[in-house]
Amino acid sequence: MSESASVPAVELHGVGKSFPGVVANHEVDLSVRRGTIHALVGENGAGKTTLMKILYGVQKPDRGTIALNGEQLTLHSPTDAIEHAVGMVFQHFMLADNLTVLENVILGAEGLYGIRDRARAKVAEISRAYGFELDPDELVETLGVGQRQRIEILKVLYRGARIIILDEPTAVLVPQEVDALFDNLRELRAQGNTLLFISHKLDEVLAIADEITVMRRGTTVASVKPSDVTAHDLAELMVGTELPSPSTAESTVTDQVRLELTDVSLVDPVGRSLLSDINLRIHAGEVLGIAGVEGNGQTELVETVVGIRRASTGTIELESRDITGWGARDRRGAGIGYIPEDRQRHALLLDSTVWENRILGHQTREPSTRGVWLNLRGARADSARILEQYDVRTPSVDTHMLALSGGNQQKFIVGREMSGDPVVLVAAHPTRGVDVGAQAAIWDHIREARKLGLAVLLVSADLDELIGLSDSIQVILRGRLVGEFDPQTVSPQELGAAMTGAEGEAS
Ligand SMILES: Nc1ncnc2c1ncn2[C@@H]1O[C@H](COP(=O)(O)OP(=O)(O)OP(=O)(O)O)[C@@H](O)[C@H]1O
Ligand SMILES: [Mg+2]
């Protein structure tokens with residue numbers, strides 16, 4: 001293997017990959033210099049993940065060549081890729097909650113049993129070298145999203161990866177965590193590693209990448225230096241449209257209360273307080289934004305509103321009806337739409353078709369057989385409508401969900417939840433993982449529904465989205481609402497400070 005600096009770490013040439021009815025990659029050329037951070041951007045379904053899976057040996061290309069450090073080779077599996085020092089961190093973490101950091105890292109790495117102490121020393125050393133600040137003996141279940149992601153990176157480093165692929169690593173992070181991740185990535189680069197990363201957040205890409213490759217309809221259309229382009233230029237290369245802005249013009253807030261929580265608290269089975277003294281009201285035509293660092297109760301708040309969790313005290317009213325004792329299915333039936341944060345776990349059956357997933361949305365967990373029969377044709381037709389209206393790119397309503405790209409799955413969920421005219425929409429990170437064009441479209445859909453009287457509870461880690469879309473913003477910290485802000489006047493910096501408690505009890 002040549003170590004000459006001029007030999008690219010990765011060189012793909014003429015790579016093609018088709019799935020039934022879809023050309024995912026076509027004539028792809030990509031060259032990645034060693035020791036650089038190389039970003040991959042492009043619309044939902046442009047073929048980014050597929051290309052990276054080919055490089056990681058998960059997908060077999062139909063044609064084309066792969067060369068690593070000047071050596072042309074065929075990768076048959078991830079094990080093969082790891083042997084050639086290629087590692088990949090997927091967007092959905094694959095960690096065992098009830099194991100420690102160390103156990104998770106050595107899990108699946110071969111031939112390591114009985115040498116735990118050496119493994120621990122190595123994990124501690126890698127963690128120190130890259131500034132990960134991970135304690136090998138800490139249980140994963142106690143860790144936040146940012147730390148979990150670091151474990152995933154540690155796993156691939158532990159296995160000897162020098163070329164590291166990250167698929168949308170920042171999608172799940174709040175701004176402070178993104179900064180921390182970028183520090184880690186810069187350190188990895190400084191020590192000679194090569195990083196490939198996919199993102200839809202163009203300002204982040206411009207801040208961190210040494211080079212950016214744009215994909216469009218399965219092929220690479222340009223490679224540019226961040227200093228030579230603006231976010232506008234990138235968006236145009238990707239989708240050929242202008243960069244959207246989330247800002248909402250005129251207020252549509254009415255005095256009709258749609259959703260009201262009074263003194264709601266939530267205590268877990270071992271007596272820990274998850275939510276305390278939650279009081280909030282959302283009116284018809286209003287978007288209430290919830291800002292918070294992940295793990296401060298926003299997930300619990302959302303799950304309490306949709307009925308996945310039962311409030312320990314307090315009342316929840318939907319259009320003045322007390323629904324505190326209702327389950328998730330009845331609440332959905334009464335008009336609470338729900339876009340969950342973990343779409344793969346809570347919103348989709350990946351092994352089922354698009355139209356089957358359309359039904360799932362309105363039958364919740366135990367679909368009534370009779371209902372299914374009655375709705376068969378309707379579901380198919382309505383699925384087709386959603387694909388059209390929400391620009392979900394997939395060959396047909398009979399395609400299996402797992403064949404849709406991440407962003408297209410998300411667009412489908414948004415479309416499904418906006419159907420059936422909900423009176424309240426609970427949206428957790430509604431634009432996570434969608435491209436800039438789709439993001440603008442989803443914002444438009446939410447604004448449109450808001451105008452017609454929808455009340456929205458919006459949780460988002462994207463502060464620009466929160467500020468642009470909300471009529472008012474509440475900050476959640478350690479399970480309490482600690483401050484209300486006017487989106488017209490608040491800056492992301494101020495919000496960030498309140499989210500971390502830096503301002504104490506802000507108001
Ligand atoms: N296993 C599969 N079976 C069938 N089609 C697939 C499969 N994986 C991907 N595709 C299709 O290939 C195309 C490219 O998908 P890919 O996941 O690579 O897109 P992407 O650029 O990563 O998009 P996103 O930004 O939404 O994640 C899409 O049309 C997708 O539906
Ligand atoms: Mg993808």
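Keep in mind the model is a prediction, meaning the values are calculated, not measured. Side chains are part of it too, since the values below use all heavy atoms of this structure and drop only hydrogens, waters and symmetry mates. Each ligand, and each atom within it, is numbered from 1 in the order the structure gives.
Although no hydrogens or angles enter the test, the distance criterion places no donor-acceptor pair under 3.5 Å between the side chain of Asn193 and the main chain of Ile163.
A salt bridge does not link Arg150 to Glu177: none of the charged side-chain nitrogens sits closer than 4.0 Å to a carboxylate oxygen. A salt bridge links Asp382 and Arg358; the closest N-O separation between the charged side-chain nitrogens and carboxylate oxygens is under 4.0 Å.
Test Ile282, Asp471, Leu458 against Leu288 for side-chain contact (heavy atoms from CB on, under 4.5 Å) and you get one pass: Ile282. Paired with Asp391 under the rule side-chain contact (heavy atoms from CB on, under 4.5 Å), one option of Glu388, Arg393, Gln389 passes, and it is Arg393.
The Mg ion (ligand 2) has no N, O or S atom of Asn44 inside 2.8 Å of it.
Counting heavy atoms from C-beta on, the side chains of Lys17 and Val28 never come closer than 4.5 Å.
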Starting from the N and O atoms of ligand 1, collect every protein N/O partner closer than 3.5 Å and put each pair on its own line with the distance to 0.1 Å.
from, atom 1, to, atom 2, distance (Å)
ligand 1, 5 (N), Ala403, O, 3.4
ligand 1, 10 (N), Ala403, O, 3.3
ligand 1, 18 (O), Thr49, N, 3.4
ligand 1, 18 (O), Thr50, N, 2.9
ligand 1, 18 (O), Thr50, OG1, 2.6
ligand 1, 19 (O), Gly47, N, 3.4
ligand 1, 21 (O), Ala46, N, 3.2
ligand 1, 21 (O), Gly47, N, 2.9
ligand 1, 21 (O), Lys48, N, 2.9
ligand 1, 21 (O), Lys48, NZ, 2.7
ligand 1, 22 (O), Thr49, N, 3.0
ligand 1, 22 (O), Thr49, OG1, 2.8
ligand 1, 23 (O), Gly45, N, 2.7
ligand 1, 23 (O), Ser405, OG, 3.4
ligand 1, 25 (O), Asn44, ND2, 3.1
ligand 1, 25 (O), Lys48, NZ, 2.8
ligand 1, 25 (O), His200, NE2, 2.9
ligand 1, 26 (O), Asn44, ND2, 2.9
ligand 1, 26 (O), Ser405, OG, 2.7
ligand 1, 26 (O), Gly407, N, 2.7
ligand 1, 31 (O), Ala403, O, 2.5

